[in-house]
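What you see below is based on every heavy atom in this structure, not just the backbone, and it leaves out hydrogens, waters and symmetry mates. Treat the numbers as computed from the prediction; the structure is a model and nothing was measured.
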Amino acid sequence: MRKRLDKHLDTLEENLLQELSSKAGTCETEINNSLSEIESKTKAAYAVQSNITLLKTMATDVQLFLAIRDIDTSVTTETNWLREFANQHNTDELTLDLNTKPMEDILITKSLGSVRIDCIPNHVPINHLNMKEAQIPREAMCNGIDQIQLYQKIHIQYHNEKTVASCWGISCDNGQMAVKLLTERINLYDTNGLRIQQIKVEESCPHYINDITIAHRHIYYSHPYQNSVFCLGLDGTLIWKYESDFLQHPRGVTTDGYGNVYVVGRHSKNLIVISKDGQNGRELLKCNVTPWSVHFDKHYNKLFSERF
């Protein structure tokens, strides 16, 4: 009787696991297809941005006007594609939900439950601003330094119960601001200055951490005295930690549009690129001077650093 019961339950478990694997494969296929389409459009957008930069520096006003008009038509087409892409629920969040069934009689039960794919709607705001660069005189686009004005929008005081902490590193992305304090904390704020998360850095000597960047819903920072680069989730969860013999005393850190991480090593005098999952890295450049900082311009797809 016991062997019969064990065999029956093993069969039910196997059937449920097969269904779970099948539904998970379906979700993975849909997500990969969506990502493939988005990556293809992203590369095309980078190409258009590069062309616009060249046009502004090399083309005549008439050529610029005609080119911008064609580009605006292409942008409209791609914007319509993006709206249709979102309307087809390709950006929805997919989750797997297990519905279990009560077993009144185990031996006649034919299923332990079922797996269902739930789609959680994800609203993606899409704004299309008509291009007007060709109708703006170039002189009007080049404001002198006397015309630049700053005003304070928000004021944030970093403090705890006893002391006021100074800011040692700051980075903004997609309406969120990550601030590394002199203490062991990283604070996350929204655009109104409201603190939405406080992350405690668990590594030793956290006051040596100055270089920080936020991108792709992750926080990246380098620890020069641990020869390490860290990636955290916005909730403070450690995603990965990267270490290598050819990266010594890492400082400046930045990311590209694909989530790859770039970091410079002061003592190793080089530029390192790390895969977005933190599993692989390689030396891109060796330099003659001691580098401190690096920045990747996602708009123009260019990497900036000191002389190599």
Chemist: Should H216 and K276 count as side-chain neighbours, where that means a heavy-atom distance under 4.5 Å?
Modeler: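 H216 vs K276: side chains apart.
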Chemist: Please confirm whether the backbone N or O of F296 pairs with a side-chain atom of T254, one donor and one acceptor, at under 3.5 Å?
Modeler: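 Yes.
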Chemist: side-chain contact (heavy atoms from CB on, under 4.5 Å) for V229 and L247? Distances and angles first, verdict last.
Modeler: CA-CA 10 Å; V229 179; L247 177 61; 3.9 Å; yes
Chemist: Kindly say whether N192 contributes a backbone atom to a donor-acceptor pair with the side chain of D190 at under 3.5 angstrom?
Modeler: yes
Chemist: Does one hydrophobic cluster hold both I214 and Y221, with members joined at side-chain heavy-atom distances below 4.5 Å?
Modeler: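 Yes, I214 and Y221 fall within the same hydrophobic cluster.
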Chemist: Under 3.5 Å, side-chain donor or acceptor atoms of residues 257-267 against the rest of the protein: list the pairs with distances, not counting sequence neighbours.
Modeler:
residue : atom : partner : partner atom : Å
N260    : ND2  : D256    : OD2          : 3.2
Y262    : OH   : D256    : OD2          : 3.0

Chemist: If I take atom CG from residue N227 and atom OH from residue Y242, how far apart are they, to the nearest 0.5 angstrom?
Modeler: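 Between N227 CG and Y242 OH, I get 11.5 Å after rounding to 0.5 Å.
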Chemist: Could you list the residues that satisfy side-chain hydrogen bond (donor to acceptor under 3.5 Å, both in side chains) with E243, not counting sequence neighbours?
Modeler: S228
Chemist: For E28, which residues count as a side-chain hydrogen bond (donor to acceptor under 3.5 Å, both in side chains) partner, sequence neighbours excluded?
Modeler: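 Testing E28 for side-chain hydrogen bond (donor to acceptor under 3.5 Å, both in side chains), a comparison that skips the adjacent residues, returns none.
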Chemist: Checking S275 now: which residues fulfil side-chain hydrogen bond (donor to acceptor under 3.5 Å, both in side chains) with it, not counting sequence neighbours?
Modeler: D277
Chemist: Quick one: sort the H223 and Y225 rings into parallel, tilted or perpendicular, breaks at 30° and 60°.
Modeler: perpendicular
Chemist: Go through the structure and list residues passing side chain to side chain contact (heavy atoms under 4.5 Å, CB included) with C27, not counting sequence neighbours.
Modeler: L94, L96, I117
Chemist: Identify, with sequence neighbours excluded, every residue that meets salt bridge (charged side-chain N to carboxylate O under 4.0 Å, His left out) alongside K23.
Modeler: E19
Chemist: Output yes when a side-chain donor or acceptor of S293 lies under 3.5 Å from a complementary backbone atom of G252, and no otherwise.
Modeler: no
Chemist: Not counting sequence neighbours, which residues clear ring pair (Phe, Tyr, Trp, His ring centres under 6.0 Å) with F304? List them please.
Modeler: none
Chemist: Go through the steps for T290 and K269 under the test side-chain contact (heavy atoms from CB on, under 4.5 Å), then give the verdict.
Modeler: CA-CA 5 Å; T290 301; K269 293 185 178 181; 3.6 Å; yes
Chemist: Can you list the residues that meet the side chain to side chain contact (heavy atoms under 4.5 Å, CB included) rule with D235, with sequence neighbours excluded?
Modeler: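 For D235 the side chain to side chain contact (heavy atoms under 4.5 Å, CB included) partners, ignoring immediate neighbours, are Q197, T237.
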Chemist: Would you find a donor on one side and an acceptor on the other, under 3.5 Å apart, between the side chain of S22 and the backbone of Q18?
Modeler: no
Chemist: Show every salt bridge (charged side-chain N to carboxylate O under 4.0 Å, His left out) that has at least one partner inside residues 204-232, sequence neighbours left out.
Modeler: D211-R251
Chemist: State which residues pass side-chain hydrogen bond (donor to acceptor under 3.5 Å, both in side chains) with W168; sequence neighbours excluded, sorted by chain then number.
Modeler: S166
Chemist: Per the side-chain contact (heavy atoms from CB on, under 4.5 Å) rule, which among D173, T213, I199 passes with I219?
Modeler: I199
Chemist: Contact between L271 and L303 at the side-chain level, heavy atoms closer than 4.5 Å - yes or no?
Modeler: yes
